[in-house]
Amino acid sequence: MDTTPTNLPLAEMLRIMDVARTLRQEREIAREQFNREEARALLRERLKASTEITGSHVTEEEIDAAIESYFNNLHTFHDPPWGVQVFLANLYVRRVQVLIIGIITLVLITGLWLLAGRES
């Protein structure tokens, strides 16, 4: 099979183009995520436009404080509310420890039962 650039099969060309498209998309996402100043400016413009539409009177300082608060809380983690699903998820994460504790408990109970049976 001749794999020189001029004789690549269609499947290989499509695979290469898919890789190139994926790299471009990832580069665009990274550029958007790391360009905070441009995002702040765009958000500031949108907030100003929305205040004009709604008729709200908001100062520049209030808009800047709101934007700062938004970006400060953008990537914060909050524990999910406690419930059965969270309990089961925690149990699954700690399944090895739970299994070990269960086996140890079973061995101790069996040992005590056998010990009590011999004394009778």
Side-chain angles (χ1 to χ4, degrees):
M1 177 177 186
D2 186 14
T3 57
T4 58
T6 57
N7 295 329
L8 283 176
L10 180 60
E12 286 296 312
M13 291 294 290
L14 291 175
R15 187 177 65 82
I16 292 169
M17 288 303 297
D18 189 41
V19 169
R21 184 175 30 256
T22 302
L23 288 173
R24 180 182 48 83
Q25 289 171 347
E26 289 176 356
R27 190 177 331 109
E28 288 174 1
I29 291 170
R31 186 175 60 237
E32 288 173 6
Q33 293 294 323
F34 289 116
N35 197 352
R36 287 251 171 137
E37 291 307 315
E38 185 178 313
R40 286 175 192 265
L42 182 62
L43 188 55
R44 185 175 291 114
E45 289 174 17
R46 286 184 176 177
L47 287 173
K48 285 180 185 178
S50 69
T51 58
E52 290 174 6
I53 292 171
T54 60
S56 301
H57 299 289
V58 181
T59 64
E60 292 285 329
E61 292 79 23
E62 292 170 335
I63 289 175
D64 289 339
I67 292 171
E68 189 65 30
S69 174
Y70 170 74
F71 278 110
N72 285 341
N73 295 319
L74 188 60
H75 298 290
T76 56
F77 174 77
H78 301 285
D79 286 326
W82 189 253
V84 175
Q85 290 178 333
V86 174
F87 173 75
L88 292 175
N90 284 322
L91 196 62
Y92 178 75
V93 169
R94 293 173 180 82
R95 63 190 178 274
V96 173
Q97 292 91 344
V98 171
L99 181 64
I100 290 172
I101 290 171
I103 290 172
I104 290 171
T105 304
L106 184 63
V107 167
L108 287 175
I109 290 173
T110 304
L112 289 174
W113 182 67
L114 290 175
L115 187 61
R118 284 187 180 181
E119 291 179 1
S120 309

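Heavy-atom basis, side chains included; hydrogens, waters and symmetry copies ignored.
Counting side-chain heavy-atom gaps under 4.5 Å among Ile, Leu, Val, Met, Phe, Trp and Tyr, the cluster of V19 also holds L23. Alongside Y70, the hydrophobic cluster contains L43, L47, V58, I63, I67, F71, L74 (criterion: ILVMFWY side chains under 4.5 Å).
The hydrophobic cluster containing M17 does not contain M13, counting ILVMFWY residues as joined when their side-chain heavy atoms lie under 4.5 angstrom apart, directly or transitively. Taking hydrophobic clusters as Ile, Leu, Val, Met, Phe, Trp and Tyr residues chained together by side-chain heavy-atom distances below 4.5 Å, L10 does not share a cluster with I16.
Every salt bridge (charged side-chain N to carboxylate O under 4.0 Å, His left out) that R21 has, sequence neighbours left out, goes to D18. Take R36 and apply the salt bridge (charged side-chain N to carboxylate O under 4.0 Å, His left out) test, not counting sequence neighbours, and it matches no residue. Scored by the side chain to side chain donor-acceptor pair (under 3.5 Å) test, R24 finds E28 as partners (sequence neighbours excluded).
Nearest heavy atoms, H57 versus E62: O-OE1, 4.2 Å.
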Identify every side-chain donor-acceptor pair in residues 98-115 under 3.5 Å, counting partners at least two apart or on other chains, and give the distances.
{"residue": "T105", "atom": "OG1", "partner": "I101", "partner atom": "O", "Å": "2.7"}
{"residue": "T110", "atom": "OG1", "partner": "L106", "partner atom": "O", "Å": "2.7"}

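Side chain of N35 to backbone of R31: no donor-acceptor contact under 3.5 angstrom is found.
With contacts defined as side-chain heavy-atom distances shorter than 4.5 Å, the pair L42/R46 qualifies.
A salt bridge is defined here as a Lys NZ or Arg NE, NH1 or NH2 lying under 4.0 Å from an Asp or Glu carboxylate O, and E12 with R15 meets this definition. Contact check on R44 versus D64 returns a salt bridge, with a Lys/Arg side-chain nitrogen under 4.0 Å from an Asp/Glu carboxylate oxygen.
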